[in-house]
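Have a look at the structure below, then the notes.
Computed from heavy atoms alone, side chains included, the values below leave out hydrogens, waters and symmetry copies. What you are looking at is a predicted structure, and each value in this text was computed from that prediction instead of being measured.
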Amino acid sequence: MTATTTTISQHDFYGDDEDSETSISVSVIENMKEEYGLFVWPCSVILAEYVWQHSSRFRGSSILELGAGTSLPGLVAAKVGANVTLTDDATKPEVLENMRRVCELNKLNCNVMGLTWGVWDAPIFDLRPNIILGADVLYDSSAFDDLFATVSFLLQSSPDAVFITTYHNRSGHHLIEFLMVKWGLKCLKLLDGFSFLPSHKASVLSGNIQLVEIVLSSKYQQA
């Protein structure tokens, strides 16, 4: 990566009074000319803000971010005291290396590992997250089944866990609803991504972005 294409962006998160004691800042290394995994997309900003606004829920929890890329949501979770594992496609070492560099830049001790959706390598069997994060992981419909198979497997390994994802609602929620039924999952919460985003952040983003919380449907059938 050359110096001309690599930038460091700063992302700030404030409490009600913007006091330094109730705020955090995360620095992210981006590469504008590289592939999608090295750019902070709007879905990441929105999911990171959701993590920040629900920091007590994440503090002390085991967090796994899928398709992390620049890893902003996972880094915010780590900043508020979560035990975070950042993952991305195992066949993209340059993205994984960038994730390690971002962790070092922010002085965070996150576990970074390759995890390719739909591929059952040994490390996935040891993962027991409380919360799974995924920002803009629903962009390539050809990968949806592999993603939902992976999420379903992880939730079965940790039945009380939840998958929280943000996505551009390009073609309606129907396809995602179909896949949730297919893989034995259930939507717990569906939010407009801009409904909780501070105005100064919302003003520079665009798109119809939704946030959804997903769990195993069997958990609620048993209840």
Side-chain angles (χ1 to χ4, degrees), residues 9 11 13 24 26-30 35-55 57-106 108-119 121 123-124 126-140 143-144 146-155 157-158 161-168 185 193 209 211-215:
S9 58
H11 303 264
F13 301 83
I24 63 170
V26 175
S27 297
V28 173
I29 302 169
E30 299 185 74
E35 57 187 280
Y36 299 129
L38 298 178
F39 184 77
V40 177
W41 297 96
C43 284
S44 293
V45 174
I46 290 174
L47 184 55
E49 184 67 34
Y50 189 76
V51 172
W52 168 247
Q53 292 185 17
H54 298 82
S55 57
R57 178 182 180 186
F58 289 83
R59 189 174 300 116
S61 294
S62 177
I63 308 298
L64 174 70
E65 185 172 1
L66 297 174
T70 51
S71 310
L72 183 59
L75 294 171
V76 171
K79 283 268 188 178
V80 302
N83 178 23
V84 176
T85 297
L86 303 171
T87 72
D88 211 307
D89 193 333
T91 66
K92 297 180 178 178
E94 72 284 357
V95 176
L96 298 174
E97 179 56 31
N98 194 68
M99 290 157 62
R100 295 185 183 97
R101 291 174 60 207
V102 168
C103 291
E104 292 174 5
L105 180 63
N106 290 280
L108 293 171
N109 185 25
C110 300
N111 182 33
V112 174
M113 63 177 281
L115 192 162
T116 304
W117 306 335
V119 176
D121 290 332
I124 195 173
D126 296 325
L127 296 172
R128 297 290 186 275
N130 303 120
I131 300 173
I132 304 164
L133 298 175
D136 212 6
V137 290
L138 293 162
Y139 63 89
D140 179 4
F144 283 5
D146 285 339
L147 169 64
F148 275 89
T150 300
V151 169
S152 179
F153 175 84
L154 291 166
L155 291 176
S157 300
S158 302
V162 60
F163 174 46
I164 307 175
T165 183
T166 47
Y167 64 96
H168 281 276
L185 305 173
I209 299 175
L211 180 144
V212 63
E213 296 199 10
I214 296 170
V215 296

Problem - Distance-only side-chain donor-acceptor flag, Ser62 / Asn130, under 3.5 Å - result: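 Their side chains do not contain a donor-acceptor pair, so the 3.5 Å distance test is not met.
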Handout entry: Exceeds 12 heavy-atom contacts within 6.0 angstrom, atom CG of Asp140
Key =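 Atom CG in Asp140 is packed in, count exceeds 12.
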From [X] [atom1] over to [Y] [atom2], what is the distance, rounded to the nearest 0.5 angstrom?
X     : Y      : atom1 : atom2 : value
Asp88 : Ser71  : CG    : OG    : 7.5 Å
Lys79 : His11  : NZ    : NE2   : 12.0 Å
Ile63 : Asn111 : CD1   : CG    : 13.5 Å

Practice task
Identify whether the distance between the nearest side-chain nitrogen and carboxylate oxygen of Arg101 and Glu104 falls below 4.0 Å.
Solution key: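 A salt bridge is absent here (no side-chain N lies under 4.0 Å from a carboxylate O).
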Measure from the side-chain N and O atoms of [X] to the backbone N and O of [Y], and report whether any donor-acceptor pair falls under 3.5 Å.
X      : Y      : value
Asp121 : Pro123 : no
Arg59  : Val80  : yes
Thr165 : Gly134 : yes
Ser152 : Phe148 : no
Thr87  : Gly114 : no
Asn98  : Glu94  : no

Taking all non-hydrogen atoms of both residues, which atom of [X] and which atom of [Y] are closest, and how far apart?
X      : Y      : value
Leu86  : Cys103 : CD1-SG, 3.7 Å
Leu64  : Pro129 : CB-CB, 3.8 Å
Thr166 : Cys43  : OG1-O, 2.8 Å
Leu105 : Ser27  : CD2-CB, 3.6 Å
Gly67  : Val137 : CA-CG1, 4.4 Å
Thr70  : Ile29  : CG2-O, 3.9 Å

When you compare the side chain of [Y] with that of [X], does any pair of heavy atoms fall below 4.5 Å?
X      : Y      : value
Phe58  : Leu133 : yes
Leu75  : Leu108 : yes
His168 : Ile209 : yes
Arg57  : Val162 : yes
Leu154 : Phe163 : no
Thr150 : Leu115 : yes
Arg100 : Glu97  : yes

Practice task
Check side-chain contact (heavy atoms from CB on, under 4.5 Å) between Ala48 and all other residues, then give those that pass, not counting sequence neighbours.
Solution key: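 Result, side-chain contact (heavy atoms from CB on, under 4.5 Å) vs Ala48: Phe13, Leu72, Pro73, Val76.
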Practice task
Give the C-alpha distance, both sets of side-chain angles, the deciding distance and a yes or no for ring-ring contact (aromatic ring centres under 6.0 Å, His included) between Tyr50 and His54.
Solution key: CA-CA 6 Å; Tyr50 189 76; His54 298 82; 4.2 Å; yes
Practice task
Report the residue from Leu127, Ile214, Leu155, Ile164 that forms a side-chain contact (heavy atoms from CB on, under 4.5 Å) with Ile132.
Solution key: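 Result for side-chain contact (heavy atoms from CB on, under 4.5 Å) with Ile132: Leu155.
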Practice task
Would you sort out whether Met113 and Thr85 count as a side chain to side chain contact (heavy atoms under 4.5 Å, CB included), showing the intermediate values?
Solution key: CA-CA 7 Å; Met113 63 177 281; Thr85 297; 3.8 Å; yes
